[in-house]
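Data first, discussion second: the structure below is written as structure tokens.
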Amino acid sequence: MAGAENKSGRKGSGRDAGSIRQRLDALGEELAGAQARHHKAPALAPQSQGAALGQALRLGIELVAGVAVGGFIGWALDRFFGTAPFLMVVFLGLGAAAGIMNVVRTAKRMQAAAPSGKDLPRVLDDDDD
Amino acid sequence: MHQFEIKRLIPLELFGFDASFTNSALFMVIAASVITLFTMYAMRGRALVPSRLQSVAEISYEFIANMVRDNVGTAGMKYFPFVFTLFMFVLALNMLGMVPYSFTVTSHIIVTFALAAFIFLGVTLLGFIKHGAKFLKFFVPEGVPIVMLPLLVVIEVISYLTRPLSLSVRLFANMMAGHTMLKVFGAFVVALGLLGGWAPLAFMVAFTGLEILVAFLQAYVFAILTCIYLNDALHMHQH
């Protein structure tokens with residue numbers, strides 16, 4: 001919106017506030033139309049808050065599951081080879097790494113799936129001139 | 001707690017294993033019959049302009065069909081019946097658990113883990129059937145120096161193995177924690193009501209609503225993760 005205001009102010013031939021306001025209104029209407037065309041369903045359902053809660057829980061469990069599975073594999077290998085507790089320590093670390101990797105991937109997927117444009121305004125032309 | 005107890009309704013022993021028909025099994029049977037009866041009864045008219053009940057059945061069909069199509073693509077529609085059954089089963093179990101004095105099957109980790117392990121094994125087998133030995137490439141990240149590969153492959157394999165655990169723990173933990181919290185807070189309603197009037201009861205009503213939302217949401221998450229795993233097996237998308 002700030003960009004639109006600047007442009008109309010700079011290029012404006014009409015000095016008076018009335019014509020500037022008119023042009024601003026026209027631009028605003030055009031912008032709203034363009035935005036509506038770009039993303040058809042920006043309305044967030046009220047259940048999106050619940051979905052956000054679900055996503056947060058998902059990430060937490062993802063992190064813990066990595067450590068748990070890593071620890072379990074290490075424990076099982078230790079029992080098999082009789083090398084307790086070295087492999088368990090190693091695999092706990094590897095499991096933590098796997099858990100973090102899972103969290104990053106899940107977060108990336110969530111970000112890709114999230115509808116853009118509601119939380120942050122879409123900036124089509126953001127060069128500072 | 002009393003609501004999580006397993007009771008043997010019909011004691012039965014098969015080959016040395018305790019295969020009794022329990023209240024858990026009873027509620028699974030109830031869930032399966034509720035789904036079957038509901039869909040058959042709702043669709044009995046086969047009207048072009050659906051009645052209200054028929055709309056519910058059609059909406060649930062379309063909901064899952066779109067989920068499969070969006071996440072797995074048109075090739076995944078072959079597996080739509082599986083995902084639909086899974087979603088409806090988990091949803092029915094979760095929702096039946098919200099009925100007072102009923103039993104929540106999904107609040108037991110062995111049930112959710114069995115479901116998740118079945119999905120995990122099925123999806124892995126599917127990957128090997130579709131791609132053969134090439135499916136192992138799934139565990140090898142691209143563009144990584146050879147020196148780092150052994151470490152990263154181990155991490156990738158562990159990350160793959162966490163899938164059944166995180167899938168089952170998520171559903172189980174949400175259902176059990178929710179029901180436990182309902183029980184604990186519910187025990188305070190009368191005592192706190194002497195101080196706070198109707199406020200504790202109103203809070204409990206709101207909390208029950210949240211639990212119903214969680215019950216739906218967890219069934220949804222279970223189904224959508226199944227779709228994502230299916231997509232990985234079918235198309236081997238590198239993350």
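Convention: sequence-line order gives letters A, B, ...; per-chain numbering from 1.
B:Leu152 does not touch chain A: none of its heavy atoms, backbone or side chain, sits under 4.5 Å away. Proximity to chain A is absent for every atom of B:Asp70, based on heavy atoms less than 4.5 angstrom apart. Using a 4.5 Å cut-off between heavy atoms, B:Leu225 touches chain A through its side chain atoms alone.
When the shell of 6.0 Å around CD1 of B:Ile110 is examined, it contains 12 or fewer heavy atoms from other residues, nucleotides or ligands. Surrounding CE of B:Met148 are at most 12 heavy atoms belonging to other residues, nucleotides or ligands under 6.0 Å away. Counting non-hydrogen atoms of neighbouring residues, nucleotides and ligands closer than 6.0 angstrom, the OH atom of B:Tyr220 reaches no more than 12 such neighbours. Taking a 6.0 Å sphere around OH of B:Tyr61, one finds it holds 12 or fewer heavy atoms contributed by other residues, nucleotides or ligands. Counting non-hydrogen atoms of other residues, nucleotides and ligands closer than 6.0 Å to CZ of B:Phe118 gives a total of 12 or fewer. Environment of CD in B:Glu58: crowded, with over 12 heavy atoms of neighbouring residues, nucleotides or ligands closer than 6.0 Å. Under a cut-off of 6.0 angstrom, the local environment of CZ in B:Phe128 is crowded, with over 12 non-hydrogen atoms contributed by other residues, nucleotides or ligands. Environment of CZ in B:Phe188: sparse, with no more than 12 heavy atoms of neighbouring residues, nucleotides or ligands closer than 6.0 Å.
Distance check: B:Leu151 CG to A:Leu94 CG gives 6.0 Å after rounding to the nearest 0.5 Å. Rounding to the nearest 0.5 angstrom, the gap separating the CG atom in B:Leu161 from the CZ atom in A:Phe72 is 10.5 Å. Expressed to the nearest 0.5 Å, how far CZ of B:Arg170 lies from CD of A:Glu62 amounts to 5.5 Å. For the atom pair B:Asn174 CG and A:Ile61 CD1, the distance stands at 6.0 Å (nearest 0.5 Å). Rounded to the nearest 0.5 angstrom, B:Ser166 OG and A:Leu59 CG are separated by 11.0 Å.
Nearest heavy atoms, B:Ile158 versus A:Ala98: CG2-CB, 3.8 Å. Between A:Ala68 and B:Leu165, the shortest heavy-atom contact is CB-CD2, 3.8 Å. Listed here is the closest heavy atom pair of A:Asn102 and B:Ser159: OD1-OG, 2.9 Å.
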